[in-house]
Amino acid sequence: SRDNLDARLDLSRGHWRFRGGLQHRDNYGSGAGVLQTLDPVTMLGSDRWNADLTYHDAEFAEDWEVTGQLSYLDGSQHNTGAFPPGTRLPIGSNGLIDFVNPVRYVNFANGFRGIPENWERHARAGITAVYRGFSAHTLRVGAGFNYDSIYKVREWKNFGPDPVTGTPIPFLPGTPLLNVSNTALVYLPTRDRKVTYFLVQDEWKFARDWQLTAGMRYDRYSDFGETVNPRAALVWETRYDLTTKLIYGSAFRAPAFIELYNINNPGANGNPHLKPETMDSLELAFDYRPSDKLQLGLNFFQYWWKDIINFVPDPGGTTITAQNTGSQIGHGAELEAEWKVLDDLKLVGNYSYQKSIDQTSHRDAGYAPHHQVYVRAEWEFLPHWQLVPQIKWVGDRARPTGDNRQPISDYTWVDLTLRRKNILDRVELAFSVRNLFGADAREPSPAGLPSAPIPHDLPLAGRSFFGEIRFNF
């Protein structure tokens, strides 16, 4: 379940543009559960307010193009539970879940509940300049500063020690949730992060039909240090209808605040010593357009993923903590096509293959499908009437190391949409059936120790019907 409210404002004049918005989410069901518990009671909610002011001048000075931006994001989020009413759990001497050395088992008639809330803000400033004064080069430089902060945290819960007495909160029916905000027992302390960066890139047309783009970005984070990421792309206009690209990229993912600082949490705890994840990738791509009605693309890729952040069990305990653990190597290929068969019929499709190996176990990393096929037709069978069938096939998904369940089944998913445009010039109607044949389609649930908490995976929706009315004014 989910209630959505989205509002956007976009104003521009001359070289200036202002954008603002609100994204409100409420009564957001937790789906598979915050802790893989199939909790029908937990509800999530969040608010995000954003604003940015951009200045762009393509002729700022002779041969110079300049873009500057100030942006601000303020957000809050909360949830209302952990385990649903009726849960029976082993509890240790500290009042927390303990599967190894429990002192008693407790039936939580009202659920094992927590209401964590946090407020965060992100302020950013950046400027980018492009110089085109060289005959064969286009130079891009940029710099910026980001400030990220968890500035307020509140929490109520009915488990763990009492911050005043130090003794476990009594697990009695009707006992109110205890406010542990502004104490050492809160789930996430307030923290901030400062980031400075600069980048440089050069586009060099060094020969006829050849172009080399090379660049580098440097980031310095106040909480874990610095990272340097180069990128390069060699483009060859092989012939009038074929373009060939060889691309190398280096990227990173900074640890999230919850991965760094979560504490006192029955689900997962943070680790302030985390390093960022890193990934290097290499891609060979072909873009072939033999006619204005047919476009083909073929990509081959290889990636190297290191210092992967995972939550792993703590030795001799019942908690899990974020760690840089393991690495992956993967490769694959993608083929895509778009063909305008007739004036009123277009076909779009793609096929992808990928395989990823866990470098620790030297086995398939699991979860992701090895093969996917997608085909869509867009047929305007009468003026203003359009029929759009689409088919997706997902197959050959392995389990990760330690998950001894049978491989997850393949599935074929069919959608059908009927659309009527230009009703009274301003109205458009559409009717859709998703999962037309009611396929038993499932996505893999996370593995667990010693077994997966949701053993039969995560079922996707059955046959569903949707109607849409669109007004243009």
### Message
Main chain of V228, side chain of R217: is a donor-acceptor contact present, judged purely on distance under 3.5 Å?
### Response
no
### Task
Kindly write out the residues that satisfy side chain to side chain donor-acceptor pair (under 3.5 Å) with W413, not counting sequence neighbours, or none if the list is empty.
D415
Side-chain donor/acceptor pairs under 3.5 Å, residues 300-313, sequence neighbours excluded:
{"residue": "Y303", "atom": "OH", "partner": "Q328", "partner atom": "OE1", "Å": "3.0"}
{"residue": "Y303", "atom": "OH", "partner": "S356", "partner atom": "OG", "Å": "2.6"}
{"residue": "W305", "atom": "NE1", "partner": "E277", "partner atom": "OE1", "Å": "3.4"}

### Message
Can you tell whether the side chains of R8 and D10 come within less than 4.0 Å, N to carboxylate O?
### Response
no
### Summary
Residues pairing under side chain to side chain donor-acceptor pair (under 3.5 Å) where one sits in residues 357-366, two or more places apart or in two chains, turn out to be S361-T401, D364-H370
### Query
Could you walk me through whether N350 and S352 pass the side chain to side chain donor-acceptor pair (under 3.5 Å) check?
CA-CA 7 Å; N350 58 67; S352 64; 5.4 Å; no
### Task
Please identify each residue that fulfils side chain to side chain donor-acceptor pair (under 3.5 Å) with N324, with sequence neighbours left out.
none
## Note on the structure
For R376, the salt bridge (charged side-chain N to carboxylate O under 4.0 Å, His left out) test, sequence neighbours excluded, returns E378
### Summary
Output for pair (Y55 OH, L70 CG), nearest 0.5 Å, gives 13.5 Å
### Query
Quick one: does N50's side chain have a donor or acceptor within less than 3.5 Å of a partner on G75's backbone?
no
### Task
Take L387 and L416, measure what side-chain contact (heavy atoms from CB on, under 4.5 Å) needs, and give me the verdict at the end.
CA-CA 7 Å; L387 187 66; L416 185 63; 3.8 Å; yes
### Message
So Y261 and I150, do their side chains get closer than 4.5 Å, heavy atoms only?
### Response
no
### Query
Looking only at heavy atoms, which two atoms of Y367 and P446 are closest? And how far apart?
OH-CA, 3.6 Å
### Value rounded to 0.5 Å, distance of CH2 in W379 from CG in L418
11.0 Å
### Message
Side chains of N79 and Y28 only: does a donor on one sit below 3.5 Å from an acceptor on the other?
### Response
no
### Query
Any chance CG of L9 has more than 12 other-residue heavy atoms, nucleotides or ligands included, within less than 6.0 Å?
yes
### Message
Any non-hydrogen side-chain atom of I391 less than 4.5 Å from a side-chain atom of V373?
### Response
no
### Summary
In this structure, CG of N269 is separated from CD1 of I263 (nearest 0.5 Å) by 8.0 Å
### Query
Looking at CG of L274 and OG1 of T325, how far apart are the two atoms once the value is rounded to the nearest 0.5 Å?
11.0 Å
### Message
Tell me every residue that passes salt bridge (charged side-chain N to carboxylate O under 4.0 Å, His left out) with R434, counting only those two or more places apart in sequence or in another chain.
### Response
none
### Query
Backbone N or O of G462 within a donor-acceptor pair of the S464 side chain at under 3.5 Å?
yes
### Task
Quick one: list whatever passes side chain to side chain donor-acceptor pair (under 3.5 Å) with Y353, sequence neighbours left out.
none
### Query
Looking only at heavy atoms, what is the nearest atom pair of L296 and A337, with distance?
CD2-CB, 3.5 Å
### Message
Treating T80 as the side-chain partner and M43 as the backbone partner, does any N or O pair qualify as donor plus acceptor under 3.5 Å?
### Response
yes
### Side-chain (S181) to main-chain (E155) donor-acceptor, under 3.5 angstrom
yes
### Message
Does this structure show an ion pair linking E117 with K152, if we count only N-O contacts that are shorter than 4.0 Å?
### Response
no
### Message
With a 4.5 Å cut-off on side-chain heavy atoms, are K275 and F224 touching?
### Response
no
### Message
Between Y187 and N118, is the side-chain contact (heavy atoms from CB on, under 4.5 Å) condition met? List the steps.
### Response
CA-CA 10 Å; Y187 80 102; N118 70 64; 3.0 Å; yes
### Task
Please tell me if the side chains of R419 and E428 come closer than 4.5 Å, counting only heavy atoms from C-beta onward.
yes
### Query
Would you call P255 and P276 a side-chain contact if the rule is heavy atoms closer than 4.5 Å?
yes
## Note on the structure
For I247 and A233, the nearest pair of non-hydrogen atoms, with its separation, is CG1-CB, 4.1 Å
### Query
How many angstroms lie between CG in N110 and OG1 in T87, if you round to the nearest 0.5 Å?
11.0 Å
### Query
Any salt bridge (Lys or Arg N to Asp or Glu O under 4.0 Å) pairs touching residues 319-338, not counting sequence neighbours?
E338-K346
### Task
Go through the side-chain N and O atoms of E283 and N299 and say whether any donor and acceptor fall under 3.5 Å apart.
yes
### Query
With respect to P163, which candidate in V186, L178, N179 satisfies the side-chain contact (heavy atoms from CB on, under 4.5 Å) definition?
L178
### Query
If you look only at pairs with a residue in residues 37-51, which of them pass as a salt bridge (Lys or Arg N to Asp or Glu O under 4.0 Å), with sequence neighbours excluded?
D39-R113
### Message
Ring-plane angle category for H371 and Y351, please: parallel below 30°, perpendicular beyond 60°, tilted otherwise.
### Response
parallel
### Task
Spell out, as yes or no, whether a donor-acceptor pair under 3.5 Å connects the side chain of R463 to the backbone of L436.
yes
#### Entry: Within 6.0 Å of CH2 in W49, more than 12 heavy atoms from elsewhere
no
### Test side chain to side chain donor-acceptor pair (under 3.5 Å) applied to S327 - qualifying residues, sequence neighbours left out
none
### Message
Just by distance, no angles: are the side chains of D74 and Y72 close enough, under 3.5 Å, to form a donor-acceptor pair?
### Response
yes
### Task
Give the C-alpha distance, both sets of side-chain angles, the deciding distance and a yes or no for side-chain contact (heavy atoms from CB on, under 4.5 Å) between F159 and L89.
CA-CA 11 Å; F159 58 87; L89 293 169; over 6 Å; no
#### Entry: H24 NE2: over 12 foreign heavy atoms closer than 6.0 Å
yes
### Task
Go through the structure and list residues passing salt bridge (charged side-chain N to carboxylate O under 4.0 Å, His left out) with R420, not counting sequence neighbours.
none
### Message
For R193, give me all partners under salt bridge (charged side-chain N to carboxylate O under 4.0 Å, His left out), at least two apart in sequence or on another chain.
### Response
D223
### Query
How about Q201 and R231: do any of their side-chain heavy atoms sit closer than 4.5 Å?
no
### Task
Measure the OG-CG distance between S445 and L458 for me, rounded to the nearest 0.5 Å.
5.0 Å
### Message
Is it the case that the side chain of S1 and the backbone of N27 share a donor-acceptor pair, with hydrogens and angles ignored and the cut-off at 3.5 Å?
### Response
yes
### Query
Do the charged groups of R25 and D6 touch, with an N to O distance under 4.0 Å?
yes
### Task
Report yes if the side chains of P444 and R399 come closer than 4.5 Å at any heavy-atom pair, otherwise no.
yes
### Polar side chain donor-acceptor pair, Y197 to N146, under 3.5 angstrom
no
### Query
So with a 6.0 Å cut-off around CG of N182, is the heavy-atom count from everything else above 12?
no
### Task
Would you check if E443 and Y411 make a side-chain contact, meaning some heavy-atom pair closer than 4.5 Å?
yes
### Message
Whether D148 and R124 form a salt bridge (side-chain N of Lys/Arg under 4.0 Å from carboxylate O of Asp/Glu) is what I want to check.
### Response
yes
